[in-house]
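What follows is a single structure, written as C-alpha cells, with notes after it.
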Amino acid sequence: MKSSKPVEELFNDSLQILKKYWGFDAYRPGQDDVVKSVFAGNETLVLFPTGGGKSLCYQVPAMVLDGLTIVISPLVALMEDQVEQLNKRGISATFINSTISKFEIEQRIINARNGLYKLLYCAPERLHTNLFQHEMHELSISLIAVDEAHCISEWGHDFRPPYRKIRQAFDSLSYQPRWLALTATATPEVRGDIIQVLGFKEPKIISKGFERPNLKYWVYEGANRPEVMKRVIKKSGGSGLIYAGTRKGCEQLAILFEMATGKKASPYHAGLTAKERSMIQEKWINGSIPLVVATNAFGMGIDKPDCRYVMHYDPPASLEAYYQEAGRAGRDGELSYPMLFYRDSDIDLIRNQISAS
C-alpha cells in the first residue's frame, strides 16, 4: 500500500517516532538510507553487521506507514523476543507460530485485520496456510520485511523450502506492498540468490561496513581447550556464550564450567522444550544466567548488549556462520572477545563435511 505523503515528510515523521519510542535523536549511519528507501517504495536489501540495528529499519517505518507490517522471521525465540521488546515500548505487535493454539492464531489474525497491531511476526511456513491465504486480503499490508534473509539461501533449499516461496505467498494481493530484506551475513552468491528468490527487479542494496573495532578476535590451537576457557570465564566480568557442535557437548560443558568457575551455566539446544529454551534465553538476557553453552540454535536476532565473550569450542561449518555467531559479542560497543578454538582434527572434519555435501 502506497502512502500519499512525500518521502521527506514520512522520514521526518519517522524521526519523531524514533525519539518517542526508542529515545534516539537520529538514526545510525545507514539506517536513514534504508528508511528513506522503504518510504520511496524501493525493493530494498540491507546488509548490516550483527548488532548494526537492522530491526529498527522496519520497526520504525511500520509505525509511520498506514496498515500492517508483516515480519517474516526464522525462529520462534527471535520473533517472541522482538514482540516482547516492542510491547514494552508501547508498540502493538504480535506473532503467530507453532507455540500457540489454532484458535489463538485465528484470533490474532482477526485482530490484525481489525487494525489492532502495527507489526505481525510469522514464520515462512505460516504464509501458505489456508487461514493466512484467506485472511491476507483483508490485512492492509503496507510492508513485508524478511529478517535474517540469508536463510532463504542457506536453509531454503532442503531444510525449510517455504523460504523459497515467500514472494509467491503474496502473489494474489491486488496491490503491491513494500519489500525489505535484511541480513548480517551474505556472500555475493547468497546475496544474488536472495534477490532472485524474492523477485526483486531493481533492488536498492544498502551495505554498511562489516568491521567492528571493539571486537578483538582470538584463535587458539590446541588440545587443552577447557582449561583456557575456564580462565577466560573466571576473569570475565560479564555474560558470555560458548558454542559447541553437539547437544551432548553443550550439556557436559555447562556442568564442567559451572563447577569449575562457580558461575551459573545452562545448556541450550533443540532437544529442550520451547518453554525451557525461552526461559534460558530470558535468564541469559537479564543476567541471572551469565553463561549459556549452546548449539547454533541459539542467538539469532537476540539483542543482549553486554555479552563480553563468545567462544567456539567447536569451529562452525562456515566463515559466515562464525561471523554471525561471534558478532553477538560487544553489541554495546565495549571491548569484547570472540575466541575460536580448534584442533587439526576439527579442520579435517569440516573438510569432510564440505566434500560430503
Side-chain angles (χ1 to χ4, degrees), residues 18-19 21-32 34 46-57 59-60 77-78 81-82 84-86 88-89 148 182-185 207-220 228-244 254 257-258 261-266 268 280-294 296 298-313 316 319-341:
L18 185 68
K19 177 66 174 177
Y21 290 98
W22 282 270
F24 301 137
D25 293 315
Y27 291 106
R28 293 185 195 176
Q31 287 179 328
D32 50 353
V34 176
V46 177
L47 307 166
F48 279 6
T50 300
K54 294 184 295 297
S55 57
L56 276 183
C57 295
Q59 290 173 347
V60 178
L78 171 56
D81 179 60
Q82 290 208 10
E84 181 181 356
Q85 297 304 318
L86 288 167
K88 284 179 179 177
R89 296 183 188 278
E148 309 290 353
L182 312 98
T183 179
T185 167
S207 180
K208 204 164 73 173
F210 287 89
E211 182 185 5
R212 294 179 61 198
N214 67 307
L215 298 187
K216 304 302 178 186
Y217 291 86
W218 288 77
V219 178
Y220 182 87
V228 178
M229 296 169 93
K230 286 177 196 174
R231 293 200 295 269
V232 173
I233 296 166
K234 283 180 179 178
K235 289 170 64 176
S236 172
S239 299
L241 270 176
I242 295 175
Y243 282 101
F257 292 134
E258 182 168 319
T261 66
K263 294 187 178 183
K264 188 161 180 58
S266 286
Y268 182 106
I280 292 166
Q281 175 187 305
E282 181 60 34
K283 288 186 175 181
W284 184 70
I285 289 171
N286 68 31
S288 56
I289 297 177
L291 174 61
V292 169
V293 187
N296 60 7
F298 184 84
M300 189 183 290
I302 293 171
D303 186 16
K304 179 172 173 61
D306 60 341
C307 178
R308 293 280 73 89
Y309 60 90
V310 173
M311 294 190 280
H312 279 79
Y313 187 83
L319 193 59
E320 290 77 35
Y322 178 69
Y323 176 82
Q324 181 96 5
E325 291 161 10
R328 287 169 192 140
R331 288 189 169 201
D332 56 3
E334 298 297 320
L335 189 62
S336 302
Y337 297 91
M339 304 179 71
L340 175 66
F341 294 79

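- In this structure, the ring pair (Phe, Tyr, Trp, His ring centres under 6.0 Å) partners of Tyr27, at least two apart in sequence or on a different chain, are Phe11.
- Among all heavy-atom pairs drawn from Pro316 and Leu340, the shortest one is CD-CD1, 4.2 Å.
- Contact between Gln31 and Gly53 at its shortest, heavy atoms only, is NE2-O, 2.8 Å.
- In terms of modelled atom types and a separation under 3.5 Å, the side chain of Glu258 and the main chain of Ala265 share a donor-acceptor contact.
- Looking at heavy atoms from C-beta onward, Val46 lies out of side-chain contact with Thr183 at the 4.5 angstrom threshold.
- Remark: side-chain polar atoms of Glu325 are not paired, donor with acceptor, to backbone N or O of Tyr322 under 3.5 angstrom.
- Test Tyr243, Tyr323, Tyr337 against His312 for ring-ring contact (aromatic ring centres under 6.0 Å, His included) and you get one pass: Tyr243.
- For Tyr313 and Phe341, the ring centers sit 6.0 Å or farther from each other.
- If you look at Trp284 and Phe298, their ring centroids are closer than 6.0 Å.
- By the side chain to side chain contact (heavy atoms under 4.5 Å, CB included) test, Leu319 is found to be paired with no residue, residues two or more places apart in sequence or in another chain being considered.
- Listed by chain and residue number, nothing satisfies the ring pair (Phe, Tyr, Trp, His ring centres under 6.0 Å) test with Phe48 (two or more places apart in sequence, or in another chain).
- Summarising the local packing, CH2 of Trp22 is surrounded by more than 12 heavy atoms from other residues, nucleotides or ligands at distances under 6.0 Å.
- Listed for the Ser236 side chain is no donor-acceptor partner under 3.5 Å among the backbone atoms of Val232.
- The CG atom of Leu86 lies 9.5 Å from the CG atom of Asp81; values are rounded to the nearest 0.5 Å.
- Applying the side chain to side chain contact (heavy atoms under 4.5 Å, CB included) test to Asn286 and every residue at least two apart in sequence or in another chain returns Glu282, Lys283, Ser288.
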Take Leu56 and Leu18, measure what side chain to side chain contact (heavy atoms under 4.5 Å, CB included) needs, and give me the verdict at the end. CA-CA 9 Å; Leu56 276 183; Leu18 185 68; 4.1 Å; yes

Side chain to side chain contact (heavy atoms under 4.5 Å, CB included) evaluation trace for Leu182 with Cys57: CA-CA 9 Å; Leu182 312 98; Cys57 295; 4.0 Å; yes

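- Distance check: Met339 CE to Met311 CE gives 6.5 Å after rounding to the nearest 0.5 Å.
- In this view, Lys235 satisfies the side chain to side chain contact (heavy atoms under 4.5 Å, CB included) rule with no residue, not counting sequence neighbours.
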Does Gln324 form a side-chain hydrogen bond (donor to acceptor under 3.5 Å, both in side chains) with Glu148? I'd like the steps, not just the answer. CA-CA 10 Å; Gln324 181 96 5; Glu148 309 290 353; 3.3 Å; yes

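- Across all non-hydrogen atoms, the minimal contact from Tyr309 to Gly238 is CE2-O, 4.2 Å.
- Residues passing the side chain to side chain contact (heavy atoms under 4.5 Å, CB included) test with Asn214, sequence neighbours excluded: Arg212.
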Please assess Arg308 against Ser336 for the test side-chain hydrogen bond (donor to acceptor under 3.5 Å, both in side chains), listing each intermediate value before the final yes or no. CA-CA 5 Å; Arg308 293 280 73 89; Ser336 302; 3.0 Å; yes

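- Panel note: side chain Lys263, backbone Ile233; a donor-acceptor pair is recorded below 3.5 Å.
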